[in-house]
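For reference, the structure discussed in these notes is given below.
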Number of protein chains: 2
Amino acid sequence: MAKMCECLFPKKQEEVWPLIVTQNVLTGRWKLAILWFLNRETRRFSEIKSFLNDISQGSLTKQLREMEDHALILRFVYPEVPPRVEYSLTSRGRSLIPIIELMAEWGKLS
Amino acid sequence: MAKMCECLFPKKQEEVWPLIVTQNVLTGRWKLAILWFLNRETRRFSEIKSFLNDISQGSLTKQLREMEDHALILRFVYPEVPPRVEYSLTSRGRSLIPIIELMAEWGKLS
DNA sequence: CCGAATCCTCTCGGATACTG
DNA sequence: CAGTATCCGAGAGGATTCGG
């Protein structure tokens with residue numbers, strides 16, 4: 001979404017804060033699609049990358065890190081060579097799925 | 001959201017298109033807040049501006065134009081001097097409110 | 001295979017000044 | 001009061017290279 005950000009609203013607009021919180025968490029070019037994709041099942045880095053087939057490795061890493069920081073996804077590194085890394089939704093991340101689905105619904109009808 | 005954009009997914013990922021459509025429509029620093037605000041009632045330009053009290057006139061105009069282009073809001077100009085302009089949700093815009101509310105809910109609990 | 005580090009580009013949004 | 005026109009800076013995201 002263009003940019004969703006860390007805006008501060010004054011006291012009297014406190015009611016919109018929660019909305020902005022969610023906006024900030026979901027802001028990022030690929031995050032919605034990633035959530036959508038991980039909802040199906042746990043996925044490897046390379047699987048996500050090929051699903052979003054226009055994304056660069058660097059960008060994907062950034063998006064995943066941010067989502068991990070926001071506690072939306074879990075990162076598990078297998079102690080293997082070559083490395084294998086799997087990403088899955090946390091319960092917090094999974095709690096965003098209803099929003100994703102509503103958005104998908106809306107987009108279908110539009 | 002940071003940037004929500006006009007990504008093209010290949011055939012096999014067609015299922016995410018609708019999600020991306022919605023993302024594109026909602027992308028923009030102030031759009032969610034504006035939808036939230038206009039849902040209460042029709043508002044004048046200056047009312048919206050003071051609600052989002054950090055926004056500049058130019059930015060507000062841009063956001064509103066985009067939303068108008070996406071047919072989310074309606075713009076009505078009163079033939080007066082000085083000008084008075086009111087913005088309201090279209091039914092299409094109103095159909096986004098459930099999403100907004102879910103997001104607000106989520107932000108409250110987080 | 002996955003990711004860190006750089007560099008680079010481009011777009012969004014803010015600041016400012018000006019108009020009817 | 002509402003809007004347009006310009007200019008500008010910040011930061012998101014892409015490309016590339018290197019490394020474990």
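Residue numbers begin at 1 in each chain, while the letters A, B, ... track the order of the sequences.
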Between A:Lys62 and A:Arg65, who's closer to the 5' end of DNA chain C by nearest nucleotide? A:Arg65

Atom-pair distance (CZ on A:Arg29; C1' on D:dG13), nearest Å: 8 Å

What's the closest nucleotide to the side chain of B:Ile55 if the choices are C:dG14, D:dG14, D:dA2? C:dG14

Could you name each residue pair satisfying side chain to side chain donor-acceptor pair (under 3.5 Å) that touches residues 98-110 of chain B, not counting sequence neighbours? A:Ser95-B:Trp106, B:Glu105-B:Lys108

Proximal nucleotide (of C:dG13, D:dA2, D:dG14) relative to the B:Gln57 side chain: D:dA2

Do any side-chain nitrogens or oxygens of B:Arg44 fall under 4.0 Å of OP1 or OP2 in D:dA2? yes

In whole angstrom, what separates A:Lys49's NZ from D:dG13's P? 15 Å

Apart from B:Leu74 itself, what residues make up its hydrophobic cluster when side-chain heavy atoms of I, L, V, M, F, W and Y under 4.5 Å apart count as a link, directly or indirectly? none

In whole angstrom, what separates A:Glu66's CD from C:dA4's P? 13 Å

Side-chain donor-acceptor distances from residues 34-41 of chain B under 3.5 Å, at least two apart:
unit_1, atom_1, unit_2, atom_2, d
B:Arg40, NH2, A:Glu15, OE1, 3.1

Between the side chain of B:Gln63 and the main-chain N/O of B:Trp30, is any donor-acceptor distance below 3.5 Å? yes

Using a side-chain heavy atom cutoff under 4.5 Å and only I, L, V, M, F, W and Y, what cluster partners does A:Leu109 have? none

Atom CZ of A:Phe45 to atom C1' of D:dG20: distance rounded to whole Å? 15 Å

Tell me, which pairs form a ring pair (Phe, Tyr, Trp, His ring centres under 6.0 Å) where one or both residues lie in residues 53-88 of chain B, sequence neighbours left out? B:Phe76-B:Tyr78

For the helix from C:dC1-D:dG20 to C:dG20-D:dC1, how many degrees between its two end axes (five pairs per end), to the nearest 10°? 40°

Write out all pairs satisfying salt bridge (charged side-chain N to carboxylate O under 4.0 Å, His left out) with one or both partners inside residues 67-76 of chain A, taking only residues at least two apart or from two chains. A:Arg65-A:Glu68

Can you sort out the partners of A:Arg84 under side chain to side chain donor-acceptor pair (under 3.5 Å), two or more places apart, ordered by chain and number? A:Glu80

Write down the distance between CD1 (A:Ile48) and P (C:dC1), rounded to a whole number of angstrom. 15 Å

Can you tell me which nucleotide in D:dT4, C:dG3, D:dG13 comes closest to the side chain of A:Gln63? D:dG13

By nearest atom, which of the nucleotides D:dG14, D:dA2, D:dG3 is closest to the B:Ser46 side chain? D:dA2

Are the side chain of A:Thr42 and the backbone N or O of A:Ser88 linked by a donor-acceptor pair below 3.5 Å? no

To the nearest angstrom, the CD-P distance between A:Gln23 and C:dC12 comes to 15 Å

Where along residues 72-83 of chain B does a heavy atom come under 4.0 Å from DNA chain D, residue by residue in number order? B:Arg75, B:Pro82, B:Pro83

Expressed in angstrom and rounded to an integer, what is the separation of A:Leu52 atom CG from D:dG13 atom C1'? 13 Å

Please state how far atom CG in A:Leu60 lies from atom P in C:dC2, giving the value in whole angstrom units. 10 Å

Considering only C:dG13, C:dA15, D:dG14, which nucleotide approaches the side chain of B:Ser59 most closely? C:dG13

Would you say A:Leu72 ends up clustered with A:Val85 if hydrophobic residues are merged whenever their side chains have heavy atoms under 4.5 Å apart, either directly or through other cluster members? yes

